[in-house]
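In what follows, every chain begins at residue 1, and chains take the letters A, B, ... in the order their sequences are listed.
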Amino acid sequence: MNISAILVSTYVISILGLFVFIWSLRKGGGQSRPNGGRVIFEPGEVGRIEDPAADSGERDALQAVSDAGNAHAHQPGKADLAVRFEADRSTRAPVLLLLGTATLWLLIGSVFGLISSIKLHEPDWLTDVAWLTFGRTRTLHLNAVAYGWTALAALGVVTWMLPRLLRTPLRGSMFTYAGTLLWNIGLGVGLYCVANGISDGMEWLEIPWQVGVLFAIGGAMIGVPLVLMLPRARVDHLYVSVWYIGAALFWFPILYLVAKIPGLHVGVEQATMNWWYGHNVLGYFFTPVALASVYYFLPKVIGRPIQSYDLSLLGFWTLAFFYGQVGAHHLVGGPIPVWLVTLSIVQSVMMVIPVIAFSVNQHQTMRGHFAALKHSPTLRFVLFGAMMYTVASVQGAMEALRTINNVTHFTHFTVAHAHLGLYGFVAMVLFGAAYFALPRVLDVEWPKRRLIDLHFGLVLAGFAIYIVTLSIGGWLQGLALLDPARSFIESVTLTYPYLQGRSLGGLLMTFGHFVFAYHFGLMVLARLRRPAPIAQAQAEVMHG
Amino acid sequence: MDSGFKLIAGALTTMALATSALVVLPYLQVRDLEAPPELKPYTEQELRGREQYISLGCVYCHTQQPRGVESGVDALRGWGRPSVAADYVYDSPHLLGTMRTGPDLFNIGARQPSVDWQLGHLYQPRAYVAESNMPAFPFLFEHKLEAEEGEHVVQLPPSAAPDVGVIVAKPEALDLVQYLLALDRTYPAPIE
Ligand code: HEM
């Protein structure tokens with residue numbers, strides 16, 4: 001049997017299996033928990049919206065949408081939100097530290113992204129010093145946005161969500177502070193090393209291991225509070241977000257440590273290891289954390305539990321199983337064992353299963369509530385991110401297929417795909433989560449509600465331009481590379497207009513990030529100037 | 001904490017599966033590979049040049065993995081036969097790369113063995129290929145009135161040559177070029 005036949009049949013069988021699974025759940029067999037999604041609501045709270053980023057008018061409108069959706073089993077009663085209030089209060093300072101530092105790295109990372117982008121069409125710009133050469137600015141960009149913004153923001157959102165999810169205040173916050181500090185030191189020193197040409201040389205793993213080990217230690221420390229809180233959790237089962245978060249916090253330090261063991265990895269095995277790490281840091285860290293956020297914020301904003309709790313758990317397990325083995329699709333056609341590439345291609349295509357499970361579920365949950373998008377800033381970011389998860393994953397599964405991979409493999413198309421996933425999905429969800437969490441963290445409202453719209457508009461437009469131009473340019477580049485009648489340099493020159501388009505998109509995104517940071521700064525100032533009396537806020541939360 | 005246990009057990013299993021497939025098995029497969037007899041270990045200078053290649057991030061634009069006809073037309077572009085695992089025994093860290101903003105360099109030493117071309121191209125790629133977007137690396141060179149004893153004067157096309165004085169290569173540039181010239185796997189592929 002040839003490889004494509006194996007691939008097609010495994011694929012068909014699994015899709016069938018998925019439908020059988022859904023069908024059996026509808027019949028209510030097995031360990032199903034139809035009401036599992038309610039655990040993130042206090043008793044009587046289902047049907048009540050929550051979006052701290054919205055102003056009071058919007059909140060009313062949002063509540064009206066939720067009421068009109070009329071999909072609630074119960075009318076909302078008077079909920080006792082004291083538990084939630086305690087949870088929120090316990091995470092304030094550590095989450096502020098995580099999200100604050102994440103935002104600083106976002107600005108640095110975006111500026112380096114923009115510089116790298118411009119350099120690809122203005123190659124004689126900023127060539128006088130080594131630390132500004134493309135190979136270094138690009139590395140600074142990747143590490144600052146990935147380990148700075150995305151990772152720290154993800155850890156911040158996780159730290160903020162966990163006490164809410166477990167209905168118990170944060171424990172062991174010293175570990176969170178210490179971990180955050182170590183992580184930031186590791187990143188600062190690491191970027192300094194990269195700028196000065198000290199690099200371990202593998203993509204995603206450039207920061208020298210002596211420094212990078214701080215990520216593993218810091219990351220593990222930020223995970224400790226989860227372990228301390230679990231025995232005190234006041235819930236009858238762990239919500240799906242906790243599954244994703246728990247796994248991600250457990251996976252990341254292992255990934256990083258194994259990847260960085262000095263002197264162990266040899267020859268092309270380093271390459272397979274490199275992409276085992278490179279793709280798993282996405283699949284086993286960023287993706288689960290961002291999914292956990294969607295599973296929490298989306299139902300919370302519209303006041304409606306996730307449609308199928310069972311499907312969400314199926315999504316978790318299929319992701320855990322398939323995603324770990326997709327890494328070798330970065331080496332299709334390369335000098336590594338053929339079986340390995342085939343395995344990764346099959347698993348890449350299998351990833352469609354968790355993605356469908358997730359998308360169908362979110363869509364079902366949102367049904368009848370799409371009008372809420374008009375009134376909820378959080379929802380706009382989070383839902384957009386969720387949609388980009390679907391798009392990026394389906395695209396990724398296609399890109400792994402050899403016929404398509406032959407065109408896209410070594411081109412800018414891959415870079416567009418990377419931004420579709422890490423930016424369109426992960427970063428957007430994290431923006432939404434930050435908009436939701438920060439008013440609770442700082443105990444003040446967002447000072448200028450319009451700036452949130454501006455941020456969304458800028459990054460949406462910039463992102464669209466970025467993805468469209470670079471995908472087209474990358475595809476054409478790939479076709480040119482495959483055509484022996486065309487000289488190599490043609491594959492370079494034809495990309496220039498698209499690379500310029502990307503710079504424009506990136507500029508808008510970067511502007512958007514400055515708007516976000518500025519607004520965040522205004523909010524901190526507002527908090528410093530007018531410390532909100534805590535007792536009053538508590539009264540509002542409990543009776544409002 | 002039943003589900004807590006399930007979670008950790010499951011996470012550990014899936015991670016173990018992934019690690020066996022992508023790290024452990026490949027490790028066992030390539031650990032004992034012998035270098036092909038024609039392939040020589042890098043010299044000290046070449047290794048220093050390799051460090052330059054890493055530190056300047058050439059890998060973000062250049063692959064080092066020519067592929068077979070099923071994946072493209074690499075051989076027709078003169079990039080060499082498909083590489084095999086044994087070609088990489090001396091390569092640590094690996095520099096396979098994932099982008100072809102520039103050409104594959106696995107056999108650049110055979111394709112372009114001229115030290116002067118390589119130096120000049122690093123100094124200003126657009127003096128050789130007008131539409132190139134490869135960065136110029138002027139900081140690997142020095143502009144002097146005249147060269148001193150033992151210094152390597154770079155022969156530049158008139159468009160890139162300075163009006164007065166000469167451009168001499170710093171040791172980093174010379175190391176880097178020695179590394180590039182060592183990139184030559186034109187021997188027949190060893191049977192695996
Ligand atoms: C939070 C926001 C961002 C994230 C998470 C992000 C993530 C990434 C990732 C993962 C890569 C590696 C892609 C690959 O090798 O396939 C990358 C490369 C890159 N990014 Fe970003 N990015 C962000 C924002 C930006 C912005 C605002 C720009 C501005 C134009 C930008 C420009 C670039 C460029 C030029 C590269 C290098 C592509 C190449 O090597 O040819 N990125 N980014």
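- No other option in His265(A), Arg402(A), Glu203(A), Gln347(A) has as many heavy-atom pairs under 4.5 Å with chain B as Glu203(A).
- Interface remark: Leu140(B) contributes no atoms to any contact with chain A (heavy atom separation under 4.5 Å).
- Between His329(A) and Ser348(A), the side chains place a donor N or O and an acceptor N or O closer than 3.5 Å (distance only, hydrogens not considered).
- Heavy-atom distances place both the backbone and the side chain of Leu56(B) under 4.5 Å from chain A.
- For the options Val89(B), Val73(B), Leu96(B), Ile54(B), heavy-atom pairs under 4.5 Å to chain A are most numerous at Val73(B).
- Chosen from Val30(B), Thr19(B), Leu12(B), the residue pairing most often with chain A at heavy-atom distances under 4.5 Å is Thr19(B).
- Among Leu264(A), Val407(A), Val415(A), Val242(A), the residue making the largest number of heavy-atom pairs under 4.5 Å with chain B is Leu264(A).
- Ranked by heavy-atom pairs shorter than 4.5 Å toward chain A, the options Pro82(B), Pro135(B), Pro66(B), Gly72(B) are led by Pro135(B).
- Residues Tyr323(A) and Tyr284(A) keep their aromatic ring centres 6.0 Å or farther apart.
- For Trp317(A), the part lying under 4.5 angstrom from a heavy atom of chain B is the side chain only.
- Heavy atoms closer than 4.5 Å to chain A are found nowhere in Thr13(B), neither backbone nor side chain.
- Using a 4.5 Å cut-off between heavy atoms, Gln52(B) makes no contact with chain A at all.
- Salt bridge Arg138(A)/Glu206(A): absent, no basic N to carboxylate O contact under 4.0 Å.
- At a 4.5 Å heavy-atom cutoff, Cys58(B) makes no contact with chain A through either its backbone or its side chain.
- Looking at Arg67(B) and Asp104(B), no side-chain N of the basic residue comes within less than 4.0 Å of a carboxylate O on the acidic one, giving no salt bridge.
- Ranked by heavy-atom pairs under 4.5 Å with chain A, the list Glu51(B), Gln65(B), Glu70(B), Arg77(B) is led by Arg77(B).
- Judged purely by distance below 3.5 Å, without hydrogens or angles, the side chains of Arg81(B) and Thr186(B) never pair a donor atom with an acceptor atom.
- For Phe321(A), the parts sitting under 4.5 Å from any heavy atom of chain B are the backbone and the side chain alike.
- At a 4.5 Å heavy-atom cutoff, Glu122(A) makes no contact with chain B through either its backbone or its side chain.
- Contact of Thr63(B) with chain A is made through the side chain alone, with heavy-atom distances under 4.5 Å.
- Top candidate by heavy-atom pairs under 4.5 Å with chain A, chosen from Asp91(B), Thr98(B), Leu17(B), is Thr98(B).
- With a threshold of 4.5 angstrom between heavy atoms, Val129(B) approaches chain A through side-chain atoms but not through N, CA, C or O.
- The contact between Thr411(A) and chain B is made entirely by backbone atoms, counting heavy-atom distances below 4.5 Å.
- Checked against a 6.0 Å centroid threshold, the rings of Tyr128(B) and Tyr123(B) do not count as neighbours.
- The contact between Glu131(B) and chain A is made by backbone and side chain atoms together, counting heavy-atom distances below 4.5 Å.
- Checked against the 6.0 Å centroid criterion, the rings of Tyr42(B) and Tyr90(B) do not qualify as a close aromatic pair.
- Aromatic ring centres of His279(A) and Trp275(A) lie farther apart than the 6.0 Å criterion allows.
- For Leu343(A), the part lying near chain B is the side chain, with the backbone staying farther off; criterion is any non-hydrogen pair under 4.5 Å.
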